[in-house]
Chemist: 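Before anything else, here's the structure in question.
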Amino acid sequence: MLDTNYDNDKLTVFLSGEIDHNRAVGLRTAIDGRLTALRPSVLELDFSRVSFMDSSGIGLIMGRYRSIGLMGGELRVTNVPDNLSRIIALSGVNTLGVMK
Amino acid sequence: MKNVQNEMHIKLLSKSTNEAFSRSVISAFVLELDPTIAELADIKTAVSEAVTNSIVHGYRRESGMIYIDAYLTSDRNVIIKIRDRGVGIEDVQRAMQPLYTTAQEEERAGLGFAVMQSFMDSVSVKSAPGKGTTVTLKKRIVALR
């Protein structure tokens with residue numbers, strides 16, 4: 001199940017719970033399915049309800065950065081809780097200009 | 001190992017649903033030392049990385065068992081050994097380099113060891129091709145202030 005909102009050419013995905021390798025596999029397929037169907041100009045990944053994330057979550061962000069980039073769109077990563085900021089900083093994702 | 005005050009040993013199949021299970025078990029086991037929420041999150045993340053490595057890399061070709069041995073010492077150290085009997089790592093130093101991955105198509109970020117090193121006090125890796133991999137994670141839980 002994917003909690004999304006599509007409005008004004010922007011697809012927002014509300015991620016929740018724990019993002020590990022097991023969860024990331026399903027999320028990747030589900031998000032890319034929506035991207036292919038809608039071809040939005042902005043993909044927003046909202047992390048406000050994510051309680052745990054390991055480097056699989058980083059892979060998920062990097063992969064979506066590529067998917068939306070190939071469509072000429074833009075990725076925005078929003079509402080990252082404080083407890084995830086260390087892994088985000090370690091990954092360098094914050095240097096891609098996607099953190100909003 | 002010196003000053004062990006508690007220990008735990010589990011053996012689980014290399015199924016990706018066991019990633020969440022293993023970090024929950026470790027987190028419950030460590031509670032005895034009264035860790036902060038941040039310390040607990042660090043340990044959970046590091047264990048998740050090591051167990052995922054065993055599943056994604058160690059047992060890439062076939063499934064197998066993952067062994068987790070955890071110890072709490074009287075000087076407040078948590079020591080966690082995560083062992084598999086999978087394919088092993090040819091070049092450990094290279095595998096530990098940030099962004100190095102052999103599973104690009106699976107969107108592995110190549111950050112597993114970097115996360116373990118950053119979130120734990122020490123990480124040691126013993127591995128050889130065909131012999132499996134043992135990752136030992138260690139962290140001292142700071143006493144209640």
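Keep in mind it's a predicted model, so treat the numbers as computed, not measured. Chain A is the first sequence line, chain B the second, and so forth, proteins listed ahead of strands; every chain is numbered from 1.
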Chemist: Determine which pairs satisfy ring pair (Phe, Tyr, Trp, His ring centres under 6.0 Å) with at least one residue from residues 30-81 of chain B, sequence neighbours left out, and list them in order.
Modeler: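 Applying ring pair (Phe, Tyr, Trp, His ring centres under 6.0 Å) to every pair that reaches into residues 30-81 of chain B, excluding sequence neighbours, yields His9(B)-Tyr71(B).
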Chemist: Under the side-chain contact (heavy atoms from CB on, under 4.5 Å) criterion, do Arg28(A) and Glu107(B) qualify, and how do the steps go?
Modeler: CA-CA 9 Å; Arg28(A) 183 208 319 178; Glu107(B) 294 193 347; 3.6 Å; yes
Chemist: Considering only heavy atoms, which portion of Arg23(A) lies under 4.5 Å from any heavy atom of chain B: side chain, backbone, both, or neither?
Modeler: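 When you check distances to chain B, no heavy atom of Arg23(A) falls under 4.5 Å.
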Chemist: What do you reckon, is CD1 of Ile37(B) surrounded by more than 12 foreign heavy atoms closer than 6.0 Å?
Modeler: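 Count not over threshold, so no.
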Chemist: With rounding to the nearest 0.5 angstrom, report the CG to NE2 distance, Asn53(B) to His21(A).
Modeler: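 Atom-to-atom, Asn53(B):CG and His21(A):NE2 are 10.5 Å apart.
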Chemist: Determine whether more than 12 heavy atoms belonging to other residues, nucleotides or ligands lie under 6.0 Å from atom NZ of Lys100(A).
Modeler: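 Yes - once you tally the heavy atoms of other residues, nucleotides and ligands closer than 6.0 Å, there are more than 12.
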Chemist: Under a 4.5 Å heavy-atom cut-off, does chain A meet the side chain of Ala38(B), its backbone, both or neither?
Modeler: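 When you check distances to chain A, no heavy atom of Ala38(B) falls under 4.5 Å.
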Chemist: Kindly check if the number of other-residue, nucleotide or ligand heavy atoms within 6.0 Å of CG (Asp75(B)) is above 12?
Modeler: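 For Asp75(B), atom CG is crowded (more than 12 foreign heavy atoms under 6.0 Å).
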Chemist: Are Ile19(A) and Leu2(A) co-members of a hydrophobic cluster defined by side-chain heavy atoms under 4.5 Å apart?
Modeler: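 Linked within one cluster.
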Chemist: Transitively linked via ILVMFWY side-chain contacts under 4.5 Å: Ile68(A) with Val42(A)?
Modeler: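 Looking at the clustering, Val42(A) is in a separate group from Ile68(A).
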Chemist: Is chain A contacted by the side chain of Thr45(B), its backbone, both, or neither, given a heavy-atom distance below 4.5 Å?
Modeler: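 Both parts, backbone and side chain.
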Chemist: By a 4.5 Å heavy-atom criterion (distance strictly below it), what part of Lys44(B) contacts chain A: side chain, backbone, both, or neither?
Modeler: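 Its backbone and side chain both get close to chain A.
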Chemist: Could you give the distance from CG (Asn83(A)) to CG (Leu40(B)), rounded to the nearest 0.5 Å?
Modeler: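 So the CG of Asn83(A) and the CG of Leu40(B) are separated by 11.5 Å.
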Chemist: Could you tell me which portion of Asn18(B) (side chain, backbone, both or neither) has an atom closer than 4.5 angstrom to a non-hydrogen atom of chain A?
Modeler: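 Nothing of Asn18(B), per the 4.5 Å heavy-atom cut-off to chain A.
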Chemist: Take a 6.0 Å sphere around CD of Glu32(B) and say whether it holds more than 12 heavy atoms from other residues, nucleotides or ligands.
Modeler: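 More than 12 within 6.0 Å, yes.
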Chemist: Starting at CZ of Phe119(B), measure out to CG of Leu90(A) and round the result to the nearest 0.5 Å.
Modeler: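 Interatomic distance, Phe119(B) CZ to Leu90(A) CG, rounded to 0.5 Å: 6.0 Å.
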Chemist: Do the side chains of Thr52(B) and Asp20(A) get nearer than 4.5 Å, heavy atoms only?
Modeler: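 With C-beta onward as the side chain, the pair stays apart.
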Chemist: Taking it one step at a time, do Arg108(B) and Ser55(A) satisfy side-chain contact (heavy atoms from CB on, under 4.5 Å)?
Modeler: CA-CA 8 Å; Arg108(B) 305 303 308 154; Ser55(A) 71; 4.0 Å; yes
Chemist: Any side-chain heavy atom of Arg23(B) within less than 4.5 Å of one from Glu18(A)?
Modeler: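 Sidechains of Glu18(A) and Arg23(B): in contact.
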Chemist: Check each atom of Val51(B) against the heavy atoms of chain A and say whether the ones under 4.5 Å are side chain, backbone, both or neither.
Modeler: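 When you check distances to chain A, no heavy atom of Val51(B) falls under 4.5 Å.
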Chemist: When you look at CZ of Arg140(B), are more than 12 heavy atoms from neighbouring residues, nucleotides or ligands closer to it than 6.0 Å?
Modeler: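 Yes.
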Chemist: So if you build clusters from Ile, Leu, Val, Met, Phe, Trp, Tyr with side-chain heavy-atom gaps below 4.5 Å, do Met71(A) and Ile61(A) land together?
Modeler: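 Hydrophobic grouping puts Met71(A) with Ile61(A).
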Chemist: Between Asp54(A) and chain B, with a heavy-atom cut-off of 4.5 Å, which part of the residue counts as in contact: side chain, backbone, both or neither?
Modeler: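 Contact with chain B: backbone and side chain both.
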